[in-house]
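These numbers were taken from a predicted model, which means no experiment stands behind them.
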Amino acid sequence: MVYILLGTGFEETEAIAPCDLLRRAGVETCFAGIGAQTVTGSHGIAVKADVTLDEIDFDAMQMVVLPGGLRGVQSISQSRQALELVRRAYDDGKYVAAICAAPTILAALGITDGKCATCYPGMEDRMGTAQMTDAPAVTDGTVITGRAAGSAMAFGLALVAALRGKQAADAVADAVVCPHLG
């Protein structure tokens with residue numbers, strides 16, 4: 001199970017595109033609302049979450065995904081429960097993934113220290129000791145980061161590749177006529 005955390009002000013493309021690609025690959029994926037069942041993104045699109053943060057089944061979770069959007073990142077950062085979930089997931093060897101401004105949450109938790117990562121341009125100074133790149137998506141062990149909304153497809157395919165393999169990611173990319181991962 002993949003849980004995509006939705007905090008008020010999340011970047012819609014960075015949540016919905018990866019969810020769509022994961023589901024196309026047959027990965028059970030749920031939106032988890034922080035503080036509410038219906039969460040409004042940064043561009044006014046309201047999304048009804050499948051579950052709330054309280055309803056996440058940690059034992060079934062394979063991956064937790066953090067979309068960006070400055071207000072969405074702030075919502076996650078202000079939720080002790082969300083931060084504890086991310087930290088616990090990483091400590092348990094589960095995948096943790098974040099895109100745009102959200103990799104700064106991983107950095108604040110020390111998760112990206114010494115790892116290769118990417119984030120929204122101009123936020124690199126908030127990434128601690130991560131080895132920064134401008135790639136659209138980066139996988140380093142169980143940590144996956146994405147650059148920005150324009151990288152949402154590459155990020156989503158990296159999530160698919162992590163859970164189902166590169167062949168499955170390539171099949172999904174072909175189905176949606178999207179460039180394959182490098």
So [Y] and [X], do their side chains get closer than 4.5 Å, heavy atoms only?
{"X": "L22", "Y": "V172", "answer": "no"}
{"X": "L66", "Y": "L106", "answer": "yes"}
{"X": "L53", "Y": "S79", "answer": "yes"}
{"X": "V64", "Y": "L5", "answer": "yes"}
{"X": "I144", "Y": "M63", "answer": "yes"}
{"X": "E11", "Y": "V73", "answer": "no"}
{"X": "V143", "Y": "T112", "answer": "yes"}

What are the two closest heavy atoms between [X] and [Y], and how far apart are they?
{"X": "V65", "Y": "P67", "result": "O-CD, 3.6 Å"}
{"X": "G146", "Y": "T118", "result": "C-CG2, 3.5 Å"}
{"X": "L157", "Y": "P179", "result": "CD1-O, 3.6 Å"}
{"X": "I4", "Y": "A15", "result": "CD1-O, 3.7 Å"}
{"X": "Q131", "Y": "G114", "result": "NE2-O, 3.3 Å"}
{"X": "G33", "Y": "A49", "result": "N-CB, 3.4 Å"}

### Task
Using side-chain contact (heavy atoms from CB on, under 4.5 Å) as the criterion, point out the one residue from T8, L6, T13 that pairs with F10.
L6
### Task
Dump the intermediate steps for side chain to side chain contact (heavy atoms under 4.5 Å, CB included) on E124 and C119, then the final yes or no.
CA-CA 7 Å; E124 294 88 354; C119 68; 4.2 Å; yes
### Query
Should R23 and D50 count as an ion pair when the cut-off is N to O under 4.0 Å?
yes
### Message
Which residues end up grouped with M123 if you chain together Ile, Leu, Val, Met, Phe, Trp and Tyr wherever their side-chain heavy atoms are less than 4.5 Å apart?
### Response
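Grouped by the 4.5 Å side-chain rule, L70, Y120 form the rest of the cluster around M123.
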### Query
Within a radius of less than 6.0 Å around CD of E28, do more than 12 heavy atoms belonging to other residues, nucleotides or ligands occur?
no
Indicate if [X] and [Y] have the same hydrophobic cluster label, given that clusters are the connected sets of ILVMFWY residues with side-chain heavy-atom separations under 4.5 angstrom.
{"X": "F155", "Y": "V2", "answer": "yes"}
{"X": "L21", "Y": "F31", "answer": "yes"}
{"X": "F58", "Y": "L163", "answer": "no"}
{"X": "V96", "Y": "L109", "answer": "yes"}
{"X": "M61", "Y": "V160", "answer": "no"}

### Gap separating the CZ atom of R71 from the OG1 atom of T40, nearest 0.5 angstrom
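Reported value, rounded in 0.5 Å steps: 8.5 Å.
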Who are the salt bridge (charged side-chain N to carboxylate O under 4.0 Å, His left out) partners of [X], not counting sequence neighbours?
{"X": "D57", "result": "none"}
{"X": "D134", "result": "none"}
{"X": "K166", "result": "D170"}

Please confirm whether the backbone N or O of [Y] pairs with a side-chain atom of [X], one donor and one acceptor, at under 3.5 Å?
{"X": "R24", "Y": "A173", "value": "no"}
{"X": "E14", "Y": "A149", "value": "yes"}
{"X": "D140", "Y": "K115", "value": "no"}
{"X": "T129", "Y": "D113", "value": "no"}

### Task
For the pair I111 and V86, evaluate side chain to side chain contact (heavy atoms under 4.5 Å, CB included) and give the outcome as yes or no after the intermediate values.
CA-CA 9 Å; I111 291 172; V86 173; 3.9 Å; yes
### Message
Among residues at least two apart in sequence or on other chains, which ones pass side-chain hydrogen bond (donor to acceptor under 3.5 Å, both in side chains) with E55?
### Response
T52
### Message
Set out, in order, the CA-CA distance, both residues' side-chain angles and the distance that settles side chain to side chain contact (heavy atoms under 4.5 Å, CB included) for Q37 and V51, then state yes or no.
### Response
CA-CA 7 Å; Q37 190 81 38; V51 297; 5.5 Å; no
### Query
Do any pairs count as a side-chain hydrogen bond (donor to acceptor under 3.5 Å, both in side chains) and have a residue in residues 88-97, sequence neighbours left out, and if so which ones?
R87-D91
### Query
Between S42 and E12, does a side chain to side chain contact (heavy atoms under 4.5 Å, CB included) hold up when you go through it step by step?
CA-CA 7 Å; S42 61; E12 293 93 340; 3.4 Å; yes
